[in-house]
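Written out below as structure tokens is the structure these notes cover.
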Amino acid sequence: MIRKLTLALALAGTFGFAHAATEADVDASFNPYKIGFPSAPGLTPGMVLTKANVDSFKEVLAVGTYKMIKDGYYELKVGATTQFEMNKAYVEATKKNLNTAKLGPNNGDITGFVAGRPFPEEPDAKDPRAGEKLAWNYKYGVNWGDNAAIYPFFWKYRNMESGQLERTIKMNFHFLNFKHRVQDAPVPEVTPNPSDLFRAIYVKVLEPQDLKNTQLLIQRYDDDQKLDDAYLYLGFQRRVRRLATGQTTDAFLGSDLMIEDFEGYNGRVSDMKWAYKGTKNVLLPMWNHNDLKLTDEFGDSDGYKYVSFGGKGECFFDGSWQLRKVYVVEATPVNANHPVSKRVFYMDAQLGNLNGAVEIYDRKGELWKVWTVGKSHPDHHLPVNKGSGIGIDDAFSMVDVQSKHCTTGQFKGQVDAKLNPASMFQVQYMRGGD
């Protein structure tokens with residue numbers, strides 16, 4: 001009897017707030033600025049937020065961003081809000097498969113999903129599973145699209161107090177969606193796919209010499225209840241070893257990032273309890289790459305220049321921030337032994353990404369890290385990205401506010417299927433990587 005009652009309550013949570021989404025909902029989801037861009041009293045493009053004036057704009061700042069400015073670590077440049085038009089094939093897939101996706105009785109259960117944004121309707125504060133629906137929108141979001149690469153990707157480790165550059169790592173990141181593909185052949189799925197994988201990430205370190213050829217492979221199943229498979233290849237040992245589940249929350253290669261931090265959140269929906277905390281207008285780092293202050297310090301042969309860094313310890317990117325419509329989402333780990341007590345995301349309503357601004361709290365509930373990823377409009381970046389309808393991750397800053405240390409990232413993101421063959425995302429590929 002108790003089991004039946006529990007199931008009934010779960011189903012009520014699933015269907016009690018369900019309503020048939022319409023094409024108008026889809027249009028509003030992908031174009032939240034149809035009737036105009038958001039504004040805030042006194043906030044104008046071109047102004048700079050500093051510790052002297054930041055209190056006047058606290059309501060449009062993520063908690064972590066406010067702290068960085070208030071503490072004098074960073075000065076924020078305000079830009080004009082712009083349209084980040086979404087990938088057309090993804091929008092069409094959302095319309096075609098409208099209302100097919102349904103939540104199951106348990107967190108991490110979904111049925112009927114085909115492709116596109118699963119829940120394009122506006123989140124309802126009265127819906128106890130609104131946060132979970134937003135998490136599914138992220139998991140099955142465009143992110144890097146059907147396939148893309150950060151090729152190359154530079155990470156720098158810095159002492160924020162002294163500004164000392166401790167290490168620079170050069171690596172390549174590759175992404176591939178095996179299922180729910182909407183544009184790049186093969187559509188809708190890469191076959192064969194006997195393990196029923198949804199997505200995979202492959203990483204290879206190029207420099208420095210002591211880490212050269214270190215490789216990471218993460219395979220995520222379409223069934224969210226199945227644990228990811230993760231493998232690490234250490235070049236000096238010349239062997240692949242499977243990562244234990246807990247190692248995804250260890251510091252990756254000695255940086256300030258966990259594997260679980262990748263892309264804002266790189267875990268399963270079922271690993272977290274998701275709470276929707278409301279909708280508001282918040283400044284997020286979004287820009288046109290070609291309009292920024294850039295650096296050619298890495299000397300790419302094609303002349304590509306990377307986002308530059310400044311602020312305290314050179315831990316902060318020189319990018320502009322737009323006032324955006326966001327959904328505030330709080331994720332609390334299901335595992336009580338997790339090193340993080342919660343993450344707070346400011347999810348861009350148009351793109352559906354979780355990585356524009358993130359706050360990470362330690363097990364005592366104190367702010368631990370401030371995690372921001374700046375995005376470029378694809379039409380103002382590399383020619384290969386033009387027209388892709390994908391917000392291009394362009395620079396990141398992960399600041400450990402407790403240890404006063406940071407890891408920064410400078411991207412050369414490329415939406416190019418040729419860089420991501422399916423064979424790359426198998427364990428056998430890692431063994432042949434020398």
Side-chain angles (χ1 to χ4, degrees), residues 143-157 166-179 190 192-222 226-268 298 300 306 355 373 393 396 398 407-434:
N143 299 315
W144 278 103
D146 292 340
N147 29 239
I150 308 171
Y151 192 87
F153 197 3
F154 292 93
W155 288 21
K156 294 180 179 179
Y157 303 3
E166 300 167 347
R167 167 164 277 203
T168 300
I169 297 179
K170 179 181 180 181
M171 62 186 95
N172 292 336
F173 265 60
H174 300 263
F175 309 89
L176 178 72
N177 287 354
F178 281 85
K179 297 187 69 173
V190 173
N193 185 15
S195 298
D196 198 33
L197 297 177
F198 159 55
R199 192 171 192 255
I201 299 174
Y202 170 72
V203 181
K204 183 175 182 179
V205 177
L206 308 177
E207 298 173 3
Q209 189 62 37
D210 64 320
L211 291 175
K212 186 176 180 179
N213 206 35
T214 297
Q215 299 167 68
L216 172 69
L217 175 65
I218 302 168
Q219 297 174 326
R220 177 152 299 136
Y221 292 93
D222 200 36
K226 293 186 69 173
L227 291 171
D228 295 348
D229 284 334
Y231 304 89
L232 188 68
Y233 179 90
L234 299 174
F236 64 90
Q237 291 183 346
R238 292 181 175 271
R239 70 181 183 92
V240 177
R241 63 181 177 88
R242 185 190 288 266
L243 289 183
T245 303
Q247 290 180 279
T248 61
T249 55
D250 293 340
F252 179 62
L253 300 181
S255 73
D256 296 290
L257 280 77
M258 312 170 185
I259 292 173
E260 193 180 87
D261 292 323
F262 292 178
E263 299 184 90
Y265 174 68
N266 180 42
R268 301 178 301 162
F298 302 116
D300 278 29
Y306 295 77
N355 59 3
V373 180
D393 287 357
F396 81 66
M398 176 69 92
T407 303
T408 63
Q410 289 155 289
F411 297 68
K412 187 178 181 181
Q414 303 178 58
V415 182
D416 186 348
K418 297 189 296 296
L419 296 175
N420 308 284
S423 60
M424 179 180 282
F425 301 88
Q426 304 298 332
V427 174
Q428 294 84 343
Y429 185 89
M430 303 174 80
R431 296 193 175 103
D434 285 313

Problem - side chain to side chain contact (heavy atoms under 4.5 Å, CB included) between Tyr233 and Leu217, intermediate numbers included - result: CA-CA 9 Å; Tyr233 179 90; Leu217 175 65; over 6 Å; no
Problem - Chi angles and distances behind the side chain to side chain contact (heavy atoms under 4.5 Å, CB included) call for Phe425, Asn420 - result: CA-CA 8 Å; Phe425 301 88; Asn420 308 284; 4.1 Å; yes
Rounded to the nearest 0.5 Å, how far does [atom2] of [Y] lie from [atom1] of [X]?
X	Y	atom1	atom2	value
Arg167	Leu253	CZ	CG	8.5 Å
Asn172	Lys204	CG	NZ	8.5 Å
Asn147	Asn177	CG	CG	7.5 Å
Asp250	Thr248	CG	OG1	8.0 Å
Ile218	Leu243	CD1	CG	8.0 Å
Asp146	Lys179	CG	NZ	14.0 Å

Exercise for the section: Classify the angle between the aromatic ring planes of His174 and Tyr202 as parallel (below 30°), tilted (30 to 60°) or perpendicular (above 60°). Expected result: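 Answer is tilted, since the angle falls between 30° and 60°.
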Practice task
For residues Phe153 and Trp155, establish whether the separation of their ring centroids is below 6.0 Å.
Solution key: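 Ring centroids of Phe153 and Trp155 are less than 6.0 Å from each other.
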Practice task
Test Ile259 against Gln247 for side chain to side chain contact (heavy atoms under 4.5 Å, CB included), laying out the working first.
Solution key: CA-CA 8 Å; Ile259 292 173; Gln247 290 180 279; over 6 Å; no
Problem - Test side chain to side chain contact (heavy atoms under 4.5 Å, CB included) applied to Phe298 and Gln410, step by step - result: CA-CA 10 Å; Phe298 302 116; Gln410 289 155 289; 3.5 Å; yes
Looking at every non-hydrogen atom in both residues, tell me the closest pair between [X] and [Y] and how far apart they are.
X	Y	result
Val415	Ala148	CA-CB, 4.0 Å
Phe175	Ile201	CD2-CG1, 3.8 Å
Asp256	Asp261	O-OD2, 4.3 Å
Ala149	Leu419	CB-CD1, 3.9 Å
Glu207	Val205	O-CG1, 3.4 Å
Ala422	Leu176	CA-CD2, 3.7 Å

Problem - Listed partners of Asp393 passing side-chain contact (heavy atoms from CB on, under 4.5 Å), at least two apart - result: Trp144, Asn355, Val373, Lys375, Phe411
Could you tell me whether a side-chain N or O of [X] sits under 3.5 Å from a main-chain N or O of [Y], the two making a donor and an acceptor?
X	Y	value
Arg220	Asn266	yes
Gln215	Met430	yes
Gln414	Tyr151	yes

Practice task
Return yes when atom NZ of Lys212 has more than 12 non-hydrogen atoms of other residues, nucleotides or ligands closer than 6.0 Å, and no otherwise.
Solution key: no
Is any side-chain heavy atom of [Y] closer than 4.5 Å to one of [X]?
X	Y	value
Phe262	Leu216	yes
Lys156	Thr407	no
Arg241	Leu234	yes
Phe396	Leu257	yes

Practice task
Indicate yes or no: does Arg268 engage Asp228 in a salt bridge with an N to O separation below 4.0 Å.
Solution key: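 No, no charged N to carboxylate O under 4.0 Å.
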Handout entry: Sequence neighbours excluded, every pair satisfying salt bridge (charged side-chain N to carboxylate O under 4.0 Å, His left out) that has a member inside residues 409-418
Key =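 For residues 409-418: Asp300-Lys412, Asp302-Lys412, Asp416-Lys418.
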Practice task
Name all residues meeting the ring-ring contact (aromatic ring centres under 6.0 Å, His included) criterion together with Phe178; count only those two or more places apart in sequence or in a different chain, and write none if there are none.
Solution key: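 Partners of Phe178 by the ring-ring contact (aromatic ring centres under 6.0 Å, His included) criterion come out as none, since no residue qualifies.
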